[in-house]
Protein chains: 2
Amino acid sequence: MSHSQIPRPTDSELEIMQILWQHGPASVRFVNDLLSEKRDVGYTTTLKLLQIMYEKGLVTRDDTNRTHVYQAAFKESDMQQRLLDQFVDTAFRGSAVKMVMQALGNHRASRAELDEIKALIEKLEKDKE
Amino acid sequence: MSHSQIPRPTDSELEIMQILWQHGPASVRFVNDLLSEKRDVGYTTTLKLLQIMYEKGLVTRDDTNRTHVYQAAFKESDMQQRLLDQFVDTAFRGSAVKMVMQALGNHRASRAELDEIKALIEKLEKDKE
DNA sequence: AAGTTTATACGAAACATTTCGTAAGTCAAA
DNA sequence: TTTGACTTACGAAATGTTTCGTATAAACTT
């Protein structure tokens, strides 16, 4: 199927995307086993979700074998960027900086992580010269 | 009505919250006028949404006059923090730092903004000592 | 080969969200 | 006082999401 525009995944769909990104191509069984560790979910529910995600173009699948193997259709970082843009727009009126400040202010980041961010900022500022 | 737990606002609801945060307490008419500038939406649609938001506890209202006046039930920053936590969990597997890096990497922030963030980081690092 | 387990497909119920039509009341102007 | 504009309340259609039961076929076990 062809898709002019990929829709934003729902929360449930994103949960499954996470599994596919973390573990690579996987069967319904595999996805459902991992999903079941976190919450109560039936096998056919997971199957149906993956089928819908396939129709939406969120995942691809290999159905040469009886057990189909699903795979994320997008890189995690690309999807994150899209979700981030959307989130900044709706929750922070488009201000990524405000969002960053809020995230740093209340999430306890380690010193190493803070240093990493600081280094990125300095690199960005250098690029600006 | 009493509420044990306030649900996450939907996208449409958040759009209305933004208006209430930006302009303060407002009538359905006022909200709908602003909303209509961006997209096509009927008056009773906006009314219904505000009524539902009232039932959910997202807004309060003053109904002493015929024209009810609605008001956000939460500070914008509090809501942003809640949405942010949720977003980081679902989209970045809990890593606020990764999210920040991605936001800074792809959003063009001004030098002044970058400096502001750097200052915050240095303050946080000082607090860590 | 017969029975058990495992797979997909599909329909539909249950639930949530979005949208709006219609009814009924209030208010102000003609 | 009648008319018209404006208001809230409410029901319900339209759409999207989540869940699972059932049917059917394939593969494995004994």
Side-chain angles (χ1 to χ4, degrees), chain A residues 1 3-20 25-71 83 86 90-91, chain B residues 1 3-20 25-71 83 86 90-91:
Chain A
M1 197 182 300
H3 294 277
S4 47
Q5 213 200 316
I6 303 303
R8 174 161 57 131
T10 66
D11 283 354
S12 294
E13 287 168 349
L14 196 51
E15 211 177 354
I16 289 180
M17 294 296 278
Q18 299 290 1
I19 290 175
L20 295 179
S27 65
V28 175
R29 174 67 55 198
F30 183 85
V31 171
N32 186 63
D33 283 352
L34 285 194
L35 223 46
S36 299
E37 288 175 8
K38 302 244 164 191
R39 54 193 190 80
D40 210 31
V41 58
Y43 176 85
T44 55
T45 300
T46 303
L47 169 65
K48 182 68 164 185
L49 262 173
L50 278 164
Q51 287 171 339
I52 290 171
M53 291 166 75
Y54 174 66
E55 283 165 18
K56 289 184 179 177
L58 289 171
V59 299
T60 60
R61 79 176 171 193
D62 175 350
D63 54 5
T64 52
N65 297 308
R66 183 165 83 106
T67 300
H68 299 354
V69 174
Y70 291 85
Q71 184 171 203
L83 294 173
Q86 230 250 214
T90 61
Chain B
M1 199 182 301
H3 295 276
S4 46
Q5 212 199 320
I6 303 302
R8 172 161 59 131
T10 66
D11 282 353
S12 296
E13 288 168 348
L14 196 50
E15 211 177 354
I16 289 180
M17 295 296 277
Q18 298 291 0
I19 290 175
L20 295 179
S27 65
V28 176
R29 174 67 54 195
F30 183 85
V31 171
N32 187 63
D33 283 352
L34 285 194
L35 224 47
S36 297
E37 288 174 10
K38 302 242 166 194
R39 55 193 188 80
D40 211 33
V41 57
Y43 177 85
T44 55
T45 301
T46 304
L47 169 66
K48 183 69 163 186
L49 263 172
L50 278 163
Q51 286 171 340
I52 290 170
M53 290 166 75
Y54 174 67
E55 281 165 19
K56 289 183 179 176
L58 290 170
V59 298
T60 60
R61 80 175 171 193
D62 175 348
D63 55 5
T64 51
N65 297 307
R66 183 164 84 104
T67 300
H68 297 356
V69 174
Y70 291 85
Q71 186 170 207
L83 293 173
Q86 230 251 216
T90 62

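So you know, we letter chains A, B, ... as the sequences are listed, proteins then strands, and number each from 1.
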Phosphate OP1/OP2 of [N] contacted by [X] side-chain N/O (<4.0 Å):
X: B:Arg29; N: D:dT7; answer: yes
X: B:Lys56; N: C:dT17; answer: yes
X: B:Gln51; N: D:dT8; answer: no
X: A:Arg66; N: C:dA9; answer: no
X: A:Tyr43; N: D:dT19; answer: no
X: A:Thr45; N: D:dC20; answer: yes
X: A:Thr10; N: D:dT17; answer: no

Margin query: I need the minimum non-hydrogen distance between B:Leu58 and B:Pro7, along with the two atoms involved.
Written below: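 Closest pair (atom of B:Leu58, atom of B:Pro7, distance): CD2-O, 3.9 Å.
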
Item checked: Heavy-atom closest contact (A:Glu13 atom, A:Ile52 atom, distance) -> OE2-CG2, 4.0 Å

Next item on the list: For B:Val28 and for A:Asp11, find the nucleotide of DNA chain D with the closest heavy atom, then tell me which residue's nucleotide is more 5'.
Entry: B:Val28

Check: In whole angstroms, how far is the P atom of C:dT18 from the CD atom of B:Glu13?
Finding: 6 Å

Notebook entry, point to check: Considering only heavy atoms from C-beta outward, does the side chain of A:Asp11 approach that of B:Arg8 to under 4.5 Å?
Noted result: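 Yes. Closest side-chain heavy atoms under 4.5 Å.
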
